[in-house]
Structures are given as C-alpha cells and as structure tokens.
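Naming: A, B, ... by sequence-line order, numbering from 1 per chain.
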Amino acid sequence: MLKIEDFDSYYGQSQALRGFSISVSPGEVLCLLGRNGAGKTTALKSIMGIVPPKRGRISLNGVDLTALPPNRIPMHGIGYVPQGRRLFSELTVRENLEIGLMTRQTGAEAMERALSYFPALRERFHQRSGTLSGGEQSMLAMARALCIEPTILMLDEPTEGLMPSMIAAIRDVVVKLREEGVGILLVEQRIDAVLPVADRIAFMDHGEIKVEMEIDAVRADTSILKKYLGVGH
Amino acid sequence: MASLIPLLSTKNVKRHFGGLKAVDGIDFALYEGEIRAIIGPNGAGKTTFVSLLSGRTEVSEGTITFAGEDVTRLPAYKRVQRGIAYTFQITNIYPTKTAAENVRIAVESRAARLRDARFDRDTATRAALEAVGLADRKEALAGELAYGHQRLLEVAMGLALQPKLLILDEPTQGLSDPEIENFLALVRQIAKSATVLLIEHNMHVVMSLADRISVLTRGTLLAEGTPEEIRDNPDVQAAYLGA
Amino acid sequence: MTASAFRKNLTLTLLVLAALLLLQFVLPEYYVLMATRMMVLAVFTVGFNALLGYVGLLSLGHAMFFACGLYAAGLSVYHFGFSLPAAFGVSLIASAALSLVIGAITLRTIRVSFMIVTLMFAQVGYLAVLYFAEWTNGQEGLSLPASARQMALGPWTLNIADAVTRYNIALVLLAASLGLLLFYLKGTRGRVATAIRDNEGRTEMLGFNVFAAKLEMFVLSGTLSGAAGAAYGLLFGYLGATFASFQYSIEALLFTLLGGAGTLLGPLIGVVLMVAMIDKLSELTSAYFLVIGVILIVLILWFPKGILGTIRERWAPWLL
Amino acid sequence: MHSKYNPLSLSMQRRTALKTLGGAAIALTSPAVLRPGFAQDGTIKLGAPMHRTGIGASYGRWYERTATAAVKLVNEMGGINGRKVEMIVEDDGTDPKRGTEVVEKFATQYKVDAIFGHLFSNVVAAAAPRAGELKVPYFICSEASLLGAGKLNRYTFQPGITDVRAQVQAMAPWIGSTIGKKVTMIFPDYNFGHDHRDFFTAAIKAQGGEVVAKIAVPPTETSFTRYFPQIPPSTEVIYHVMVGPAVLTFVKELGDYLGSKRPEIFGFIDSLEAVNFNTPQLGFLEGTYFWEAYPRYAQANQTEFDKFFREKVGVDANGASIADPKDISTYSHMFSCWETLFVIKQAMEMANYRGPEQKKDLVVAMESMTSFAEGKEHPQGAKQFNGKTHQVFGSQNISKVEGGKLKVVHRTKIEDGLYESPTDYTKMDL
Amino acid sequence: MGLGPYLLLATLEGLVQAAVLCITAAGLSLVFGVMRVVNVAHGEFVMLGAVIAWYAASLLTGHPALGFVVALIISPLIVGAIAALSERLILKRLDYNPEATIVATIGLLYIIQQSVLILYGPDARPVDPPFYYTIRLPWFGYSAYKLFVIGAAILIMGLIWFVLQKTRAGLIMRATQFDRETAQAFGIPVDKVSAYVFALGAGLAAIAGILVVPIQQAHYLMGTDPLLLSFIVVIIGGLGSMSGTVVAAILIGLSDGILSMMFSPTLAKMVSTLLVALVLVFRPNGLFGKAAR
C-alpha cells in the first residue's frame, strides 16, 4: 500500500501542496480530480521526488521512502506516466521500453507483458517514438511504466487529447491492471474519464484534498460535482 | 451596455505550433464596457487565444482589430500602449522590488504614453494600490507578499496602465474564498472604466461576473451567450463534463 | 528609488570621490600611478556593470569596446594629429557607433547565446587589430609620442603624461561616469532597465519596448567602456592588441562580480582590490591568474552578489 | 628537449640541482626577488623584466640564468664602484602591456638604477617610451631594429647584441654568393618578422638576388604545412626565421614536406633556439645553414672566454645545461644579457656612479663609448658601439649542420653590418 | 606544384585538423547535450592531455610508442577524474545554471592553465610520435603519423557512436539528454550521469590532446585554439547534435585548410568567426540543428 502523509510542497515561494495525504491499496483505483492548478500534478511529482516535499512522509508497503533521491523511488515499484507523456522522443519505441526495464532490472518478460497490453506497439518497435501518433504515444508511455512491473502505477491525465476509442482502450488496460492487483493513482480533470474505473475519488483544490469518497457515494449524490467543479449536471 | 462597434474583434485567427492547431480560426468580437469570460476545457486554446490578442504570440493567420485599428502585426508593447493590458496566469511581478515600485513601473508606462507634465506619478501609483487594497503594503517587497496579495498586485499593475481593455488570465487561481469575493468587487469596479476579458476556471466567478461568456474547445469557438444560456447549453455541458 | 535613498547614494559617491581627490597628496609615486590605472579601469567596469548589473546582460566581449575607444582615440592622434579633446570625442562616437551595431545584432540572442556571440564578436575585433597592422602596428602596438600627449590650454600646457595631471583626469572621468549612471538610474530609464533585469516578459507587457531599452543600455555601456579605453590609451600613451584580448573582457567581469554586480561603487571596489592583489601576487609568482580563477569560482559559488551586493542585502538596502 | 624538471638531477650537487628546479620554484622562491625594505643602502639595483611566461618563455628562462650568473660574477669581482649589485626580477608575460607596467614598477616603486633584459620587439616598443618618460636607463637585450630607425629615446640602449638590420646586411653577400640568389622567406607575421622581410629583401637585392616569395605566418600558428605550397619551385634558398612555442613543429613539418629534394636552407637560429638538434625528425637539416650570433656548439678554435662564459652560466660544449643535457639554451641570444651587464658596469664606473641621482651621467657615459674588446666580459667577440644611435655592432656567424652539430663556416666582420642612420639620440633632452 | 597536389595537401591537412577537432568537439557537444553546460575549460582538458602525454613520454624511456600507449590509457583517466571532481565541487553546486557555469568554467580554465604553468613550466615541449615515417609522394612528403591521427579519429568517433547507440550507458546518456526529469522517474541517477558525462567529455578532450601533441608541442597555453574551434564546430553542427558535430568538424577543418591557403590566415579566422557568430544570431539551432524541443 502506498501511503502519503501530510505533504507540504513548494514551487519557489508559493505553496503547491498543503498537508496532502492519500493512500492507495493494491487492486484499487484512486482518482485525483480537480481543476487546473489545484496541485494534482505537483502531488504526483512530489511522490516521485521530482518536487521534493518540504514536510511529510511517504511509504510503500511499510518501507519508508521519504528521504530517497528521486531516481531511487521508481526502483521500489512506483510507475509513472507523466502529464504530456514525456517520451524520450529521439529514442525508438524499443529504447523507451528498455529504459523502463533498466529501472528495476526487470527482464525481457516484463517487456513482453507490457507489450501484450498494447500489441500495436510491436509494429512500431524500431520507430523513433517522436514520430508515433498521439494514441500510440500514450500507449508507449504506459507500456514504458509497466516495464518496471509496478506495484503502484500513477497516471497523469493519460486520456488528454485522445479520441474516444483510445480513451476506452486505455480504460480497459487500467481495469485489467486493477484486476492483477496493481494499485492505481489516476489524475484527471474530467469526471467522465474516471467514473467507469474509479474505486474512490479525491477532489483536490488549492493543494489540499477537499473531499474523498467512495465511487458509489459520488454516483448517488451528483451535487458534489456542482460544488467542486462549478458546473451543473 | 454594449455599443455596436466592437472594441476588439478577430477574424479567422489561427495559431499552429508545428502540427498542433492551438487556435484554429476564431471570429470573436468584444464590445466596450462589457465583462467577458472565456471558458473551456484544458487545452482548448484559451491562453493561446488571449496571447494572440495581447501580442505575446504571433498569429499564423487572420486579423485582429482593436479600437478600429488593425493590430495584427503590432508587437506586444505597442498594443499595451494602445490600451490592451494583460495580467499573467502565473504570478508575474518583480519580486525584489517593493509593491509600490512594481506599480510605479506600470505608471511610468502610462506617463510615457500621456506625455503630460501635470501627470502625478506618485498619486497614480497610490491610486492603483488603493484600488486593490494594497496601500498599506506598499513598502513590502513583492516577493514577500502573501500569494493572494501578489495576485492583487498583478491586477494593480494592470490597472495602473488605465487600459481600455484589461485581460485577466485566471486571476482567481490560488485565491481563498474570501479573497475571491473581494476580487469580484474589484473587477466590477474596474469594469466601470474599462472593458474586461477574463479566462477563468472558477464557474462561480464566471457566473457572477460575466456579462457574456465565450466557450472554446479544440481551438474553436463552441458557443457564446449570457451565463444562463451557457449554463443550459447541452454542447457546453458535454464539452466540459463529457457527460 | 526614493528621494532619500538617492540623496544617500549621492552623498556616498561624493565622499568616495573626495577621498580619491585627497589621496593623491598622500600616496607615494608608484601608488599614484596605480590608482590612476585603477580609476580608468573602474570606468571600464562601471560601463560593464551598467549592462550586467542593471539590465542583467552578461557580455563576454567588452574588451572590444575598450579597445575601440583606445584605438579610435590613439590612432586619430597618431595618424592624423588630432588634439586630445578631439581624439576623445572621436573615441566616444566610434564606441557608441560600434556598440549600437553590435548591440542591435547580439541582443537578438539571449542568455548563453548572448555570452558566446559577444565573445565571438570581440574575438573578431581582436583579430581585426592584428589584421590591420598597417594602422595599428599589430602586436607590437604603437606608442604615442610625448608631443602628442600635450595640449595648449591658454597660456599653459597641459601635459597628460604628468602623473598628477593624469590622476586628476582619471578622477574626473570616474566622477563623470558614476554621476551619469547615478542620474540615469534615478529616472524612468533606470527604473525600466532594472525592471527588464528582474522580469523581462512582464516589462514588455507593461508597454515598454524592451529591445530598445536594452540597446540603449548596451550603447551606454559600450560608450563608457570606450571612454575608459580612450583614457587609457591617451593617458598611458600605448596602444596594443593585448587590450582587445578575451582576458580583458574577463577582468571586467571579475571586477564587477567581486565588487558587486548592480552596485554603483562595486566596480571601483572590485578594481582596487583585484589590481592591488595582482600587483602583489606577480612579485611572488608568474601564475597569478590562478588566483583570478579561484576568486571567480569562489564568488560565483558563495558570494554571487559580491562585496557591496552583500552589504546591501544585509545592512544597507538603499545602496544603488 | 628543454626539460627543466628531471628527477635524476636530485642526485647532483645541491647548487646545480637548485638551478634546474622548475619555473614555479624560480618564480616563488627566487632569491633574486627583492622587495623594498630588504634592499640595503648603497646597493645598485637593476630591474630585470623577464619573459618568464608567454611566447618568449624559453628565452626568458635562459636570460634569467645568464643574468643571474653575470650579477654573481660582478659581485665576486667587487661589485660596481664598490657597491653590491642586486637584480630584481619580474615576469612580463612577453606582453607589451605588462612589460610597460613592470618598467613603471621598477622605476617608481623599486626605484632601480637601471633596467635590462627585454628581448621581444613588441615588448620593447611598448616599454621603451615609458622608460624614457620615467627617465630610467633601459638596456634592451634585443635584436629589434628600433633604435637605428629612430623610434626610441635617449634612455634606451642596445649594447649587447647586433640588431636585425645589421645582421641581415652582413650575411646577405655570403648567401647570395655561396648558396643562391632566389630566396623564399618564411617569417612570423609581426614586426620582428617584418624587419627580416624588409631588410633582407633590400640586402639580397644589393647582391643581385631576389626574394621570390614572402610567406608570413601568424605568430600564434601551431601548424605550418599548409603554408609550404607557397614555396615556388624556382626557389634556391629557403630563408626561415620563426620564434615562439611552435618553432620545433615548424622545422619538423618543413622537413616532412621537403624531404631530400630540398633547396638550400638558410635559417635564423631563432627557429631552433632551445631545441635539440639530435632528434631523428630533424635529420633533414644536415647540410643546411644557420645564422648564429654566438655559436651554440663549442668550436675547434674555442676561446678561453667562451669556456669561461659556458662554465659560469652552466652550459656544456653542446650549448645544453650542464645539469640536464636535454635542456638546450638560447645560446645565440642570451649572451647579450651578460655583455649588457658588463657594459652597464663599465659605464657606471666611467661615470663614478653612486646612485639614482646620477642617471644622467650614466646615459652620457654610455654615449661616450665606442668599442668593447673581446674578453670575459664580451665572450661573443669585439664590438663597436655607436653612441648616437645607442646601438652596438658585432660579428655574425654562419654555421653549417654537420653530424648533427653546428659548425661555423663563415664569420662576418663588424664592418659588414655597419649602416648609416640619421638618428642621433644625444640631441634629445636628458 | 600543380593544383591537384596542392588540393591534396590542403585536404590532408584539413582532415587532420578535422580529426582532432571532431574528438574535441564531440566531448564539448556531449557535455552540452546532456548537461546543458557550456564548458569554457574544455580546451584546458586538451592541454592537460598533452601535458600528461609529455610526462609519460619523458618518464618512460625506451621506444616512444610505449609512452604514447601509456599516455592514451592514463591521461583520459586522470583528466576525467579532475573533471569529475570539478563537476562535483563546482558545477553541481551551481545546479548547472547556464550563466553561472560559464563563469565558473572560466575560473576553472585559469586554475588548470596556471597550475600547469606552475608545475610544468611555460615551455613548449615536444613528444616523439609513436612511430616516425614520412610518406614520400611525388610532390611532397607527408608524415605517416598524421594519417594515423585521421584513422584514430575515425575509430574513436565510431566508438562514441557505438557507445551512444548500442550500449546501456549510451541509452542512459541519451535519455538524460532528452528529458532529465522523466529519466529520474525511471531510476536513472541523472546526477551521477552528469559527473560521468563531464568526465567523459574531458577524457575525449585529453585523447585529442595526446593525438595532437606529437604534431604540435605540449604548452600551457595550447588550450585556447581548440576551445574556440570546437565552439564553432558545436554551434554550426547544432548544439548537442553528435552527427552535426562530425559534419561541421570536417567542414571547418577542410575549409580552414583550403581557405587559409588562399587568404591571409588572420583574415580567414576573422571571417569564419564572424560568420559563426551570425549563424548563432540568425539560426540559433545551428546549420544542421533541429528546432528547439
């Protein structure tokens, strides 16, 4: 279980996270919702150590990761699909995946398994990743993260700018991974992107979690949406 | 409220970054005295669109007219001199200067435009600070102000220019609820002397301020209307909430 | 800047200048000579600092402007027999024109590119001095004859090779450059310059022509550097390619960083400390540039604000 | 080649070992460096600006050694007018600007009686006017043809070594009559090289020869092969004179390029000063000719004075350091420091010189000199001195490379190099 | 000499220069590419390589090839270690800020150069080539060692290409070059990568120094020329682009060889420097560079 307690993070002078606490269990999808600038991306970056929190603790399955340098955190099995995918665009599909394999010294089987979710990538295996279509890039970004055989997978707006069929494909993979026991932290702006897959939803604003609730409760009471997203339904 | 000749209008403006069509042919008109909000989902092209208006980004195609003049090819600073002021999405101040000094620089810009010997820069500086309620913080270093106050300082700098059009890019981002309420009052005050165009995510702010709302998606204008019209527009709900 | 802060700065500057005026009566001969050199180099550094300290542009090619002034003044005396004031005037025009052209080109680049492009233009300048050896006498350089370094002043003869005269001319030039910068900074232009340094994008969106403002400061900076070069050439009577070398650009940077970038008197302090130190070190070792290297690194690592910059931060926020 | 640091030398006697320590040690601990306050009353202080660094460093190192040996000898002989002589050395980086500053420092801070030791013409040209302004006698140990051209001043003297103009004029007849009349010149593209170009072109023309190509090489150049195709096929003699750190590269590349089908080659030893002849790549120099002011290799008819000079400076019969046979001296130039010092001694004794207030007497005494006889003070040979131009004239040697050594084949007379000059420094104000 | 042989000589000389330049500039380009640091002290690493080669040659009496081979092994190691140390002590602390690192590497330049002056002295000292042979062509002779340098450069550039494209280390470097932050998120210690890359760049410079020292001579000021030229090459080739670097090095080497035969070398240098400055102003990504990412 990934457990974050009381993160305070800053960008220079301005505070981006305020007492941010969440936990993600194996086989669970936690969705982080909130509008632009609410601190969702910062939360993921703080977990990865890229924006080191000034205060707070992070642990995975009871192992304390708090003071680790950023490159050591993924070695414990936290996979990350950053916003905008951030592929190594000059590298080939294969090389991008190899970077993922290097993280935890996972072998060729890991790559095979990752590719089994996205068979389309095989055809592009030796192509420069920058030349892929948007959907293929999203698939590669996820496959790359899967190459580390994560116990926790963090996805930052994976469906941004994708056509509906792609969105569905990615959603399917998320569901499969959940079934396999991977804990998933999914960041989205749009509620519709997460309703079908989420187990729990946390609303973020001003760098803090405003409310956290089970998905059933969200479905039952849509006024939550009105309150936190500001538009009626 | 609105006159018939638009203060600002665009005709088929486009902006492409490589293959990405950030703004893809927008016809837009803004009338003197109104408060207009631009909303739209992330990546809809809102910030790019106002960057085209303010001149921070060059248009790929199309024309922009301001106060009867074609400003399409004018550099940003000249548009400011014509009366288009722009406040930034991310706080953008002079952190090592005092609040008063921040505003004073904007006042100098106005003075350079006025070329009027009687223009009192100190008074103008004080007035802008008072308008946003920062008069008592004028000697504080801007970088040391609270975040909310920095946002207000940002607005004060825009005000000090005494623009015809004030563009506010997500002005309430990061403000607390009471701060937002003060801000609403401030914008209403500003609107008495200037036209206001704001990009905003906070629907509460949009609904309570805007005379009209323009909705962008994927670089195009999806809908335009009063807050009520927009609220009830199914297309907008679909674009925004994907329901 | 508030009026009181301006008064404090003005007073401080005047006090320093007065001290320099008195110093010539107590210093031994060699130190009068050295102080003269320091003041001329201080003018050069004030020019460099105008650009680095107040608009935040780090040029690695300022030796070009120093050498431009040096040669413009020196060659017009040497080849055309210009009078000293005329030669000085020519140097001002030449260095202003050169910095206008170079600035207009290089200011299209930013940050690292700006540093490298200015460095390259300066290198071209250095090579040009060597290439046009018919005029400049290349590496050997030229010495101005004693007769060319005198001028009639009513019934008197002003001999700028004379130690005391030379000291006071350098002092006047230093006072003029400090005064110029002080009053420049007091006004709107100074405000805009520092605004560009602190936040260029914001300043443009407040309606200022940032490029023009930067170019203006570039020209001011280049012209001050050129004036220093002209003074150096005329006062010390030697023109050489060595003044156009990369090392000279670096020295200006070093003096500025040591004294404090963006402080009015920092350049003077930096020059005095550094030149005195180099002079002493050269008695001990030929490798005195080693110390320059160490100081550069120490400054950039631990004291990026320099001496006066640190004082301003800790104790005297009114310092310009 | 010129290795100064050699671990083997540690086993040698302390004195010589000290001499061979690296430049840093000299710079840091030189006993010759005196600071004000340490100087005793009544000593004669001589400022010695030396090219310790920069492109003249190889020369500067040996200039300093020679000058140090000469000062030591003068003091052993009882000093000058019974006063001890002390030499204050500062580095000028072979840089005109720093050279000028050092002259100022000697004159105004150390308040020396005279300055001597500058070699490179660009440094001399910059520093001499300041010495004149500061009215301090300034003795150059340089071949620069500046004095005769009237470019310097009354305080500047060149009593140790003949200038380029006289050297070239003395040798041109031999070149034209013995090895060829069509000459290609390769020279450094600055004033020193230009002097060679201009004076030799005129001198060979007077012999009925011509310069068929003039190849100027920038002084900072590190690679030379690309200049060699400019050598025309009609060339009978290649005349080369190069200085600076890259001289060896120059000669090696010339050898690679020419091979055995070469024209005659006449070089100024400057191209090989401080360079060991005994490397396989310089084999092609066998049978070529060099100008030498002073023969590096002890000749069959070596004088006792030359023996004495070599011993005192610490140089063996091959012109290398006794301490380290790989460390080759700048033999053809450094004697000028030695001879200059003895000229200063002689002039000071003539003027009964007691201290700096008598600088003018020193100048006048210098101007009254006419000749120096060969001897321990003037091991290179007898000289004529022109008091009006402040310039000395001596004999030149032309040597042929035989068996990897230089053997003198022709020695010019002093008169061969004399030239007329309208310059008369004695008419300038003191 | 006819035009043909004349051009042949110019081409050979140009290629030798291009060869040395390639290796030097490759180091600079690598450092800039991965770390975004403009290393002004790069030329001093060339000089250090040459000076260490001299020490190796003079301490190991016997066949010159012995000293050469020893130098080829130890010199890059020593220089790399010095570079890694300065990276840890200085550049890292500056957080690789582009402007600050330029100032700091200028300081480093002086420290290295002047330390060599103190320890090694101001003289230019020759190092014998590992073998000495002159190839006699009908028109002129040419040093076989120079041809060896061209061969060695091709080998080394091939090696660099292989390491970058075909090995784990190369993959890590390339990933770091394109996106430091994401590289971290995949376990790459970008911090250590920086130190290694800086050392590698310096090591390449040292190798260039060793290769060039039998042609030139080891001298404490010899770093300036390679620095300026490799700057030019890296800018023309496009900052951080390795293939651009090679093309530009050959272009600059050949054109310099040919141009300076036709014009005054000083004028040729002036014009080429000016052109490169203008390239940087008007085509900031270099002639062969891609648009900024």
Handout entry: Presence of salt bridge, A:D156 and A:K45, under 4.0 angstrom
Key = no
Exercise for the section: Measure up the E:F45 and E:F198 rings against each other and bin them: parallel (under 30°), tilted (30 to 60°), perpendicular (over 60°). Expected result: perpendicular
Exercise for the section: Please flag which part of A:R104 lies under 4.5 Å from any non-hydrogen atom of chain E: side chain, backbone, both or neither. Expected result: neither
Handout entry: Interface residue of largest heavy-atom contact number with chain E, from A:M48, A:M75, A:R86, under 4.5 Å
Key = A:R86
Exercise for the section: Measure A:P70 against the heavy atoms of chain E and call it side chain, backbone, both or neither at under 4.5 Å. Expected result: both
Handout entry: Pairing of A:D8 and A:R18 as salt bridge, 4.0 angstrom limit
Key = no
Practice task
Check each atom of A:I148 against the heavy atoms of chain E and say whether the ones under 4.5 Å are side chain, backbone, both or neither.
Solution key: side chain
Handout entry: E:R174/A:E95 ion pair, N-O < 4.0 Å
Key = yes
